[in-house]
Amino acid sequence: MESRAKTVYSKVNKEISMSYIPGHFATNHSHINYFIDLTELLTSHYHANLAAEVLADHYQTQPIDTIICMDDTQMIAAFLAKKLADSYNGINADKRIHVLIPEFNTNGQMIFRDNLQKMLMQKNVLLLISSATTGKTIKRSLECIAYYGGTSAGVAALFSATSEIVGVKVFSIFGSEDVPDYQTFSYRECPFCQRQEKIDALVNSNGYMKL
């Protein structure tokens, strides 16, 4: 499967790249025809810092008090918070920006403990996510931010197949235009399943597991 991988480079910074592998993959919410590999951006401090620079340039004029990081994006979130706070001409200069990692209860709902809720209440909250396909995770996360009294400052993604979820703009380093014919399907409408083609791997934010 890895032999089919191709690499695409960011139009903003050619040192930032991601890989994609064609095939038949299943996520928690859908079936997709490409696995998007963001491993280097999530695990390498060098590449995480480059990704944070791109995101910081976009959000310099947006007030941000807290970053919620999903899908192992906490290293990027830390670099992003520092760049926003260290900017001399940005609206977030000299702020103490908090970086939060959510918990999930037994029902899969995103929760924050009492000691963290003050970092959400009446705060401008940026949601940082690695990859967005159907947008269901983003929608649930935005509902959680609102539940705890926060105001959405936007959604930042490394890769996103959509530019807007429930009226909130999604800014991404890579998009579906970077991956030819990227598609997502419900399992009932998946053409691979209809042709009885086996699933290559189960995928989530941690990577993939071959079947």
Side-chain angles (χ1 to χ4, degrees), residues 7-21 25 27-30 32-44 47-62 64 66-81 83-84 92 97 99-102 104 110 124-146 150-184 203-208:
T7 301
V8 60
Y9 297 90
S10 167
K11 298 177 180 66
V12 178
N13 185 332
K14 295 301 182 183
E15 288 192 80
I16 301 174
S17 66
M18 72 171 191
S19 298
Y20 59 90
I21 302 173
F25 305 101
T27 75
N28 288 336
H29 305 304
S30 64
I32 51 178
N33 63 339
Y34 285 99
F35 167 64
I36 304 299
D37 188 357
L38 300 162
T39 304
E40 278 298 307
L41 291 176
L42 295 173
T43 61
S44 160
H47 291 98
N49 186 51
L50 293 178
E53 286 180 355
V54 174
L55 299 177
D57 285 343
H58 181 79
Y59 288 104
Q60 288 290 3
T61 59
Q62 182 98 20
I64 295 171
T66 300
I67 302 172
I68 293 179
C69 46
M70 309 282 288
D71 308 335
D72 299 319
T73 57
Q74 52 264 36
M75 181 158 53
I76 297 174
F79 280 125
L80 174 57
K83 291 179 187 301
L84 292 173
N92 299 292
I97 300 174
V99 175
L100 304 183
I101 302 173
F104 293 87
M110 196 164 76
N124 296 301
V125 182
L126 177 68
L127 180 68
L128 177 61
I129 192 166
S130 63
S131 180
T133 51
T134 63
K136 288 184 178 179
T137 298
I138 292 176
K139 185 177 179 181
R140 286 201 316 239
S141 301
L142 293 174
E143 290 172 352
C144 178
I145 291 170
T151 299
S152 173
V155 178
L158 304 183
F159 170 84
S160 179
T162 182
S163 60
E164 185 176 314
I165 297 291
V166 292
V168 178
K169 297 292 185 182
V170 180
F171 174 77
S172 62
I173 297 176
F174 296 99
S176 54
E177 68 277 4
D178 295 301
V179 183
D181 196 35
Y182 180 88
Q183 296 180 67
T184 177
V203 301
N204 62 19
S205 60
N206 296 314
Y208 63 88

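In what follows, every heavy atom counts, from backbone to side chain, and hydrogens, waters and symmetry copies are set aside. As the structure is a prediction and not an experimental result, all values here were calculated from the model.
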Problem - Minimum heavy-atom distance between Leu41 and His47, given as atom pair plus value - result: CD2-O, 3.7 Å
Exercise for the section: Identify the residue among Thr39, Asn204, Asp71 that makes a side chain to side chain donor-acceptor pair (under 3.5 Å) with Ser130. Expected result: Asp71
Problem - Pairs satisfying side-chain hydrogen bond (donor to acceptor under 3.5 Å, both in side chains), at least one member in residues 168-179, at least two apart - result: Lys11-Asp178, Glu164-Lys169
Fill in the blank from the handout: Between the CG atom in Asn13 and the CD atom in Glu53, the distance rounded to the nearest 0.5 Å is 7.0 Å
Practice task
Kindly say whether Asp181 contributes a backbone atom to a donor-acceptor pair with the side chain of Asn33 at under 3.5 angstrom?
Solution key: yes
Exercise for the section: Decide yes or no for Ile32 and Gln183: does some side-chain heavy atom of the first lie under 4.5 Å from some side-chain heavy atom of the second? Expected result: no
Practice task
For Gly150 and Val125, work out which heavy atoms get closest and say how close.
Solution key: CA-CG2, 4.4 Å
Exercise for the section: Look at the rings of Tyr182 and Tyr34 and say which category their plane angle falls in: under 30° parallel, 30 to 60° tilted, over 60° perpendicular. Expected result: parallel
Handout entry: Derivation of the side-chain contact (heavy atoms from CB on, under 4.5 Å) call for Asn49 and Met75
Key = CA-CA 8 Å; Asn49 186 51; Met75 181 158 53; over 6 Å; no
Handout entry: Nearest non-hydrogen partners of Leu128 and Thr73, listed with the distance
Key = O-OG1, 3.5 Å
Problem - Reported CD1-to-OG1 distance for the pair Ile36 and Thr27, which is rounded to 0.5 angstrom - result: 12.0 Å
Problem - Tyr59 to Asn92 - nearest heavy-atom pair and separation - result: O-ND2, 3.7 Å
Completion exercise
To the nearest 0.5 Å, atom SG of Cys69 lies from atom CG of Leu100 at 7.5 Å
Completion exercise
On a heavy-atom basis, the closest approach of Pro102 and Met70 is CG-SD, 3.6 Å
Practice task
Return yes if a side-chain donor-acceptor contact under 3.5 Å exists between Asp37 and Ser19, otherwise no.
Solution key: no
Handout entry: Nearest non-hydrogen partners of Phe174 and Val8, listed with the distance
Key = CE2-O, 3.8 Å
Exercise for the section: Could you verify whether a donor N or O on one side chain and an acceptor N or O on the other, from Thr184 and Ser30, lie under 3.5 Å apart? Expected result: yes
Practice task
Measure the CD1-CD1 distance between Ile68 and Ile101 for me, rounded to the nearest 0.5 Å.
Solution key: 11.0 Å
Practice task
Find out whether Ile64 and Leu84 are in side-chain contact, i.e. whether some heavy atom of one side chain is under 4.5 Å from a heavy atom of the other.
Solution key: yes
Practice task
For the residue pair Tyr20 and Pro180, establish whether any side-chain heavy-atom pair is separated by less than 4.5 Å.
Solution key: yes
Exercise for the section: Check whether the side chains of Asn28 and Lys136 place a donor and an acceptor atom closer than 3.5 Å, and report yes or no. Expected result: no
Exercise for the section: Using a 4.5 Å cut-off on heavy atoms from C-beta on, say whether the side chain of Ile165 contacts that of Val155. Expected result: no
Practice task
Any chance you could measure Tyr9, atom OH, to Lys14, atom NZ, to the nearest 0.5 Å?
Solution key: 9.5 Å
Practice task
Kindly compute the distance separating NZ (Lys83) from CG (Leu80), expressed to the nearest 0.5 Å.
Solution key: 9.0 Å
